[in-house]
Structure formats: C-alpha cells, structure tokens
Asks: 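Sharing a structure here in structure tokens format.
Just so it is clear: chains get the letters A, B, ... in the order the sequence lines come, proteins before strands, and each one is counted from 1.
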There are 2 protein chains.
Amino acid sequence: VRAEYDAELDDIRRILVVMADAARAAMSAATVSLLTIDPEVAQRVVSDDDAIDEHQRRLEDRVYDLLARQAPVASDLRLLFAALHIAADLERMGDLAAHVAKVGLRRSPAAAVPASLQSIIAKMAGVADKIAAKISAVLASPDAVDAATLGLDDDEMDRLNETLFVVLLGAAWRDGVESAIDGAMLGRFYERYADHAVNAGRHMYFLVTGRLLDPVDAADESGSGDA
Amino acid sequence: VRAEYDAELDDIRRILVVMADAARAAMSAATVSLLTIDPEVAQRVVSDDDAIDEHQRRLEDRVYDLLARQAPVASDLRLLFAALHIAADLERMGDLAAHVAKVGLRRSPAAAVPASLQSIIAKMAGVADKIAAKISAVLASPDAVDAATLGLDDDEMDRLNETLFVVLLGAAWRDGVESAIDGAMLGRFYERYADHAVNAGRHMYFLVTGRLLDPVDAADESGSGDA
C-alpha cells in the first residue's frame with residue numbers, strides 16, 4: 001500500500017510541475033503580448049488558462065480517490081492538503097496571467113502600457129518570472145533553498161509596486177486616467193501573482209521535504225490578501 | 001461512527017456560519033468606514049480579519065482530524081472538500097473587506113470616495129451585502145433557492161462595475177488620477193467579494209443538499225479569476 005501511495009503522490013507532484021510550468025509560461029507570454037501589443041498571443045494566454053483549471057480539477061480528483069481508497073494517516077494527509085493548496089495557488093496564478101493579457105487586449109491596437117511605465121512593468125514581470133521559476137526548482141530539487149528565499153523576491157515585487165504608484169501619482173504623469181488605472185491594475189496582478197507563488201512555494205517545500213519553513217515566513221503567509 | 005461523523009460535520013458547518021457572518025459584517029463595516037471616513041472602524045475591520053483567518057485554520061484542522069480518524073468514503077469526502085473550498089472563499093472575502101477599509105485609511109482624513117462615486121459604491125456595497133446574506137441563508141435553510149439566484153446578483157455587480165468604469169473614464173471626470181485608481185480598485189474588491197460569495201454559495205448548496213447546482217452555473221464558476 002505504501003509503494004502504491006508513494007506512486008500516487010508522485011503523480012500528484014507531476015501534475016503540480018505541469019501546472020507550475022504552465023502558470024510561469026502564461027505570465028511570460030502575457031507580458032510579451034502586453035508590451036509588444038500582440039493580441040494573438042494575449043488571446044492564447046486567455047484560452048490556455050482553461051487547461052490550467054482542468055489540471056487543478058484533475059489533481060483534486062486524484063486526491064479524493066487517494067483519500068477514499070488509502071485512508072492515509074495524519075502526516076500523509078497534510079501532504080495531500082499541501083497539494084490542494086499549491087494547486088489552488090497555481091490556478092490563480094494562471095488567472096492573473098490571463099488578467100494581464102486581457103488588459104492588453106482591451107486597449108489593442110493601442111498600447112496599454114505607456115512608455116513611462118514600460119520599464120517598471122518589465123521589471124515586475126521579471127521578478128514574477130524569477131519567483132515562478134523557483135517553484136519549479138523546489139519541486140525538481142527538494143533540498144533547494146529556493147523556497148526560503150521566495151520572500152525576498154516578494155519584497156522586491158512590493159517595492160516595485162510602490163515605485164509604480166509613485167510614477168502614477170506623480171506630478172509628471174501625463175498619460176491620463178485610463179492608463180493610470182490600467183497601470184495600477186497591472187501592478188496588482190503581478191504583485192498578487194508573486195504572493196500566490198510565494199504561498200505555493202512554501203507549501204511545495206512542505207510537500208517535498210515534510211518540513212515547514214520557519215515561523216516568521218509562515219506568519220507572512222497568512223492573510224496576505226486577495227484581489 | 002455515523003452519528004459522531006454527523007456531529008463533527010455539524011461543527012464544521014457551525015464554523016462556516018461564523019465565518020460567513022463575520023465576512024458579511026466586515027464588508028458592511030468597511031463600507032461604512034469608507035463612506036463616512038471613520039478610521040477607527042476601518043482599523044477594526046483590518047484587525048478583525050485575523051479572527052476570520054483563524055477560523056479557517058481551525059476548520060482545516062477539524063477536517064484533517066475527521067479524515068484521519070473516520071476515513072469517510074467518497075461522497076462524505078466531497079462534503080469535506082466543499083467545506084474547505086467554502087472556508088477559503090470566506091477567508092478571501094474577509095481579506096477583500098480589509099482591502100476596502102485600507103483604501104479609506106490611506107486617504108483619511110480626506111475622502112477616498114469623491115461625491116461623484118458615492119452612489120455607485122454604495123450600490124455595489126448593497127449588492128455585496130445581499131449576496132453575503134444569501135450565503136448564511138443557504139446554511140440556515142438548505143432548501144432555500146437562494147444559492148441558485150446568487151448568479152443574478154453577481155450579474156448585477158458586474159453591471160455596476162461597468163457603470164463605475166464609464167464614470168471613471170468619462171469626459172466629465174474631474175476628481176484626478178488617485179481617486180480614479182482608488183475607485184477602480186474598490187470596484188474590483190466589491191466585484192471579487194461577490195465572485196467569492198457566489199462560489200461559496202454554490203459549494204454550500206452542495207454541502208447542505210448533496211446536490212450540485214446545474215451545469216450552466218457550474219461553468220460560470222470555474223476560472224472566474226483572481227485579483
């Protein structure tokens with residue numbers, strides 16, 4: 001039973017790897033579509049999001065089946081719950097990538113991101129990609145310290161978001177109300193993407209190592225918000 | 001074992017009722033603090049959010065324990081997973097109420113909501129409260145058709161959010177970039193609150209009746225997004 005259980009847990013981990021890679025690719029493509037005004041790429045990000053949702057449903061079904069047939073004990077249960085949490089975070093990262101793509105679609109063929117914001121949005125996208133990459137690394141290599149450093153990248157994202165607002169609210173802003181709203185929303189989407197990635201990374205660390213990250217990080221994790 | 005299991009499921013439902021009531025009260029208070037510029041009430045909404053987070057952790061612990069000790073079969077498992085989904089939605093509704101309160105806090109003692117937006121924001125808050133009330137009603141009275149009508153309220157919220165953007169982007173807008181960004185963010189917070197309430201309501205309907213809402217509604221539910 002143990003071997004069978006381990007094999008099924010490996011299957012669940014494999015779905016998570018697929019989801020993490022898809023969520024990373026989605027935000028990367030969304031950023032490209034946004035900054036290069038490419039509605040075809042944006043549309044693909046939006047339609048590909050269904051596949052990520054489907055992976056999440058598949059993972060939940062696997063967890064149900066495993067619980068129903070194997071009745072795992074408490075510590076194994078915790079691993080399965082970690083998998084559910086990770087899948088939920090990855091699913092929402094996919095949603096956020098689709099939101100970014102939709103901002104570009106709505107303004108196309110005009111640019112959603114004015115020249116004054118291109119650099120900061122590109123930096124936020126860079127941090128988002130760095131955090132997303134670390135999630136996959138944690139799954140591939142359990143002993144990676146990457147999970148523990150996710151919080152630092154998240155701090156960088158928060159600072160970039162503050163800088164973004166300084167630009168949007170500055171006296172030099174000349175790009176109008178609509179671009180300001182789009183810029184603020186985009187900032188929020190990248191920042192939320194990073195938050196979910198950090199949460200996913202911490203649960204992944206637990207899933208792979210069976211150990212919790214230190215309480216300071218865990219405290220950051222709770223109630224980090226939504227929307 | 002069955003009686004004990006039913007009693008524990010009742011306990012879980014009770015935690016959900018407490019969370020639903022708290023999430024509803026939080027958004028109601030957040031709206032009051034926002035529209036009347038009351039930083040004390042806003043601060044209380046923010047600090048009370050910890051209690052909602054704590055209820056969610058308690059519910060997850062109950063579910064773990066129940067799974068570990070009772071090894072429920074598939075249909076009962078589904079009920080427990082529904083409870084986990086509902087708790088996650090309610091927890092995020094609490095976060096969104098705190099976000100609304102924080103917008104008011106950041107601009108206090110100035111008004112975060114200019115006169116031009118007071119009416120539409122009050123309407124959005126009204127719909128949010130109506131949806132939140134229906135969630136509690138579904139738990140209290142399983143045969144209520146309320147769950148099935150949640151989608152209609154959500155449509156109303158979406159229309160209000162569109163109207164909000166017409167105002168923000170209209171030629172008559174004279175309230176500046178910062179109020180426009182705050183207005184757009186507030187619109188998003190109320191709209192996301194309603195989305196989570198709709199999701200929670202559908203899972204609650206299943207938790208209480210064991211029946212799924214019709215597939216059309218279920219399709220709406222998936223991938224409704226984040227942030």
Asks: Let me confirm one number: the CD1-OH distance from Ile131(B) to Tyr193(B), rounded to the nearest 0.5 Å.
Replies: 9.0 Å
Asks: Using a heavy-atom cutoff of under 4.5 Å, enumerate the residues of residues 177-185 of chain B that contact chain A, numbered in order, or state 'none'.
Replies: Val177(B), Glu178(B), Ala180(B), Ile181(B), Ala184(B), Met185(B)
Asks: Where on Leu67(A) is there a heavy atom nearer than 4.5 Å to chain B: the side chain, the backbone, both, or neither?
Replies: both
Asks: Quick one: salt bridge (Lys or Arg N to Asp or Glu O under 4.0 Å) partners of Asp11(B), sequence neighbours excluded?
Replies: Arg14(B), Arg62(B)
Asks: Kindly compute the distance separating CD (Glu54(A)) from CE (Met19(A)), expressed to the nearest 0.5 Å.
Replies: 10.5 Å
Asks: Among Leu96(A), Val127(A), Asp158(A), which one satisfies side-chain contact (heavy atoms from CB on, under 4.5 Å) with Glu191(A)?
Replies: Asp158(A)
Asks: Under 6.0 Å from the ring centre and within 45 degrees of the ring axis: does the NZ or CZ of Arg78(B) meet both conditions for the six-membered ring of Phe206(B)?
Replies: no
Asks: Strictly below 4.0 Å, N to O, side chains only: are Arg58(A) and Asp61(A) in salt-bridge contact?
Replies: no
Asks: Before accepting this row, confirm whether a basic side-chain N of the pair Arg57(A)/Glu60(A) lies closer than 4.0 Å to the acidic partner's carboxylate O.
Replies: no
Asks: Please look at Leu80(A) and chain B and tell me whether the side chain, the backbone, both or neither of the residue comes under 4.5 angstrom of a heavy atom of that chain.
Replies: neither
